[in-house]
Enquirer: 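Here you go, one structure.
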Amino acid sequence: MTVSCSDISSAMRWRSSCGPPLLLLLSFLTLLVGRETVSGFRICSYNVEKLNIDKASNYRLVQTLSRVVYRCDICLLQDVVDPDGRVVKKLLSAINRKETVTMMDQHQYETTPPTFARGPLAVQFKSRTTMMKDFILVPVHTDPLKAVQEIDNLYNVFQEVSEKWDNENVMFLGDFQAGCAYMTRPNKKKIRLFTNLNFTWLIGDKVDTTVSEETTCAYDRIVVHGKSFLKAIIPMSAMVYDFGKELKLSMSKVRDMSDHYPLEVELKSSALVKSSALLLKATPLLILLCASAFVHFFL
Ligand SMILES: *[C@@H]1O[C@H](CO)[C@@H](O)[C@H](O)[C@H]1NC(C)=O
């Protein structure tokens with residue numbers, strides 16, 4: 001399946017007709033010839049806190065965001081409030097790359113009654129350049145007050161998608177709200193993603209994914225299933241990306257972006273990529289998932 005930039009509006013209409021939560025998904029990749037150094041394949045997740053057209057009209061903010069996104073091969077953006085696609089257009093023009101695609105399939109997890117505030121949209125990918133060729137990403141954005149139940153229910157999502165695509169290489173990522181008052185230590189006993197040791201939490205409980213100095217909460221997480229997926233990940237590469245430090249921004253500029261920091265993790269490159277200097281390296285594959293319950297009020 002191929003989605004190009006021109007498909008944005010039809011993709012949106014398609015999602016809109018399915019009712020809330022609205023999820024917009026677009027992915028694209030660019031071919032760059034002859035990258036000098038071949039790094040890992042970076043997957044990122046960033047809750048951009050109500051990124052609407054007003055916020056996206058701030059030039060500096062969009063420049064910063066595009067620099068954050070540009071580092072990633074796949075980037076999940078959450079809380080993009082974009083009923084008519086204008087925010088996405090602005091972002092794309094700031095990133096200014098040509099698109100083609102790499103997403104193999106997608107699957108909306110749905111149950112009656114719903115078990116998620118925002119039913120996860122699982123996406124199946126194929127990548128030539130990574131050691132792990134076929135994998136599934138599941139964006140997570142829980143309702144804070146139901147975080148424990150929703151995180152536990154991700155196990156059901158795992159079962160459904162791994163069966164559907166006959167692939168157990170599943171990564172959950174996003175704003176789990178898995179910290180502070182929303183998920184405490186005793187709560188973990190009730191969460192199958194903890195009790196089943198086949199899942200590995202790459203972002204630990206002590207990590208602070210919030211921008212505020214008053215809070216230290218590991219709300220945003222990355223969790224992978226299976227040993228082979230784990231082996232395909234560069235050790236210690238899962239972390240919060242402190243773009244403020246790297247881009248030398250003031251705390252208030254960082255706070256203007258979001259109350260969350262972005263997360264990232266790197267997959268190992270395939271042997272083929274390492275051995276060939278003239279390889280076409282695909283980058284970036286950007287996914288924008290506008291997973292905001294808020295959005296449908298505008299439709
Ligand atoms: C863990 O994964 C292995 C290999 O897929 C499987 O055989 C085993 O049943 C899994 N364990 C649990 C507790 O799900």
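As the structure lists them, so they are numbered: ligands from 1, and atoms in each ligand from 1. Residue numbers count from 1 along this sequence. Atoms considered below: every heavy atom in the structure, side chains included; atoms not considered: hydrogens, waters and symmetry mates.
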Enquirer: Using distance alone, decide if ligand 1 has a nitrogen or oxygen within less than 3.5 Å of any nitrogen or oxygen in His225.
Expert: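 No, there is no polar N/O contact under 3.5 Å.
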Enquirer: Taking only heavy atoms of Asn196 into account, list the atoms of ligand 1 that are under 4.0 Å away from them.
Expert: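 Near Asn196, meaning under 4.0 Å from one of its heavy atoms, ligand 1 has 12 (C), 13 (C), 14 (O).
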Enquirer: Just checking, any donor-acceptor pair under 3.5 angstrom between side chains of Asn52 and Asp54?
Expert: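 Judged by distance alone, the side chains do not pair up.
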Enquirer: Would you check if the distance from the ring center of Phe176 to the ring center of Trp201 is below 6.0 Å?
Expert: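 Under 6.0 Å, so yes.
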Enquirer: With only distance considered, is Tyr155 within less than 3.5 Å of ligand 1 through an N or O on each side?
Expert: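 There is no such contact.
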Enquirer: Tell me the protein heavy atom at minimum distance from atom 1 (C) of ligand 1, and give that distance in Å.
Expert: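 Checking every protein heavy atom, the shortest distance to atom 1 (C) of ligand 1 gives Asn198 ND2, 1.4 Å.
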Enquirer: Just checking Phe194 against Phe199, ring centres under 6.0 Å apart?
Expert: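 No: the rings miss the under 6.0 Å criterion.
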Enquirer: Could you tell me whether atom 14 (O) of ligand 1 has a protein heavy atom closer than 4.0 Å?
Expert: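 Yes.
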Enquirer: Do Asn187 and Thr184 pass the side chain to side chain donor-acceptor pair (under 3.5 Å) test, and can you show the C-alpha distance, the side-chain angles, and the key distance before you say yes or no?
Expert: CA-CA 5 Å; Asn187 290 148; Thr184 61; 2.9 Å; yes
Enquirer: Mark whether atom 4 (C) of ligand 1 lies under 4.0 angstrom from at least one protein heavy atom.
Expert: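 No, there is no protein heavy atom closer to it than 4.0 Å.
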Enquirer: So which heavy atom on Lys50 is nearest to which on Val81, and how close?
Expert: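 Taking every non-hydrogen atom into account, CA-CG2, 3.9 Å.
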Enquirer: Would you say atom 7 (O) of ligand 1 touches the protein, meaning some protein heavy atom is under 4.0 Å from it?
Expert: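 Looking at atom 7 (O) of ligand 1, one finds that no protein heavy atom lies closer than 4.0 Å.
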Enquirer: Within a distance under 4.0 Å of any heavy atom of Glu168, pick out the atoms of ligand 1 and give their elements.
Expert: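 The atoms of ligand 1 under 4.0 Å from a heavy atom of Glu168 are 5 (O).
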Enquirer: Given Glu49, which partner from the list Lys55, Arg255, His260 fulfils the side-chain hydrogen bond (donor to acceptor under 3.5 Å, both in side chains) test?
Expert: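 The passing option is Arg255.
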